[in-house]
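Everything on this sheet refers to the single structure shown next.
Reckoned from all heavy atoms, side chains included, excluding hydrogens, waters and symmetry mates. These numbers were taken from a predicted model, which means no experiment stands behind them.
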Amino acid sequence: MMPTQETIDRSSLLAIAGSMIAEHEDFFDGLAATGVEQKGDVLIFSGNYFLDEQGLPGPRTTTVFNVFKFLTVELSPKYRLASTAPA
């Protein structure tokens with residue numbers, strides 16, 4: 001049986017994500033989730049991926065991707081965005 005997901009507003013979820021990022025072992029200054037979308041049962045986090053001048057991945061891009069993936073794995077089973085919750 002899957003645990004019940006808590007419905008949460010976007011700003012509250014981003015605040016939780018921000019706290020988790022700050023405590024993550026790969027945290028660096030500037031790393032932040034500034035957006036989140038609900039895609040089915042999955043939360044997709046977004047923010048600055050630190051791309052280079054040509055729009056290609058920079059040295060920190062993989063770290064950002066991995067931290068956002070961590071947020072998705074940890075928070076998707078627990079939360080559902082209020083704006084996309086089933087009626």
Side-chain angles (χ1 to χ4, degrees):
M1 184 170 144
M2 186 171 176
T4 304
Q5 291 174 311
E6 179 182 337
T7 301
I8 191 169
D9 65 271
R10 190 174 314 278
S11 61
S12 297
L13 184 55
L14 287 172
I16 292 168
S19 295
M20 292 174 70
I21 290 170
E23 295 173 9
H24 196 277
E25 65 183 29
D26 292 331
F27 173 78
F28 60 85
D29 284 337
L31 175 55
T34 57
V36 61
E37 295 179 52
Q38 185 84 46
K39 298 282 188 177
D41 291 334
V42 179
L43 296 168
I44 306 296
F45 292 87
S46 60
N48 185 347
Y49 277 91
F50 295 88
L51 303 176
D52 69 12
E53 300 80 34
Q54 290 82 35
L56 299 173
R60 294 182 166 183
T61 303
T62 300
T63 300
V64 174
F65 176 83
N66 288 335
V67 171
F68 288 173
K69 178 181 170 186
F70 164 76
L71 294 174
T72 294
V73 169
E74 291 295 315
L75 297 175
S76 291
K78 299 175 184 176
Y79 299 103
R80 181 164 194 85
L81 285 177
S83 61
T84 59

Check: Taking side chain as C-beta onward, heavy atoms only, is T34 less than 4.5 Å from N48?
Finding: no
Margin query: Less than 4.5 Å apart, side chain to side chain, heavy atoms only: is that true for H24 and L31?
Written below: no
Next item on the list: Tell me whether L43 is reachable from I16 by hopping between hydrophobic residues (I, L, V, M, F, W, Y) whose side-chain heavy atoms are closer than 4.5 Å.
Entry: yes
Next item on the list: Indicate the atoms forming the closest heavy-atom contact of I8 with L13, along with that distance.
Entry: CD1-N, 3.7 Å
Checklist line | Atom CZ of F65: over 12 foreign heavy atoms under 6.0 Å | finding: no
Next item on the list: Please assess F68 against V64 for the test side chain to side chain contact (heavy atoms under 4.5 Å, CB included), listing each intermediate value before the final yes or no.
Entry: CA-CA 6 Å; F68 288 173; V64 174; 3.6 Å; yes
Notebook entry, point to check: Do the side chains of F70 and D26 get nearer than 4.5 Å, heavy atoms only?
Noted result: no
Next item on the list: Taking all non-hydrogen atoms of both residues into account, name the closest pair between R60 and F28 and its distance.
Entry: NH1-CD1, 3.0 Å
Item checked: Minimum heavy-atom distance T61-G58, with the two atoms named -> OG1-N, 2.8 Å
Margin query: Against F45, only a single residue in V67, V36, I21 fulfils side chain to side chain contact (heavy atoms under 4.5 Å, CB included); can you say which?
Written below: V36
Notebook entry, point to check: Which atom names give the shortest non-hydrogen contact between G30 and F50, and what distance separates them?
Noted result: O-CZ, 3.6 Å
Next item on the list: Can you see which heavy atom on Q38 is nearest to which on L81, and at what distance?
Entry: OE1-N, 3.0 Å
Next item on the list: Quick one: pull up CD1 in I44 and OG in S76 and give me the separation to the nearest 0.5 Å.
Entry: 7.0 Å
Next item on the list: Give, for atom CG of L71 and atom CG of L75, the distance between the pair rounded to the nearest 0.5 Å.
Entry: 5.5 Å
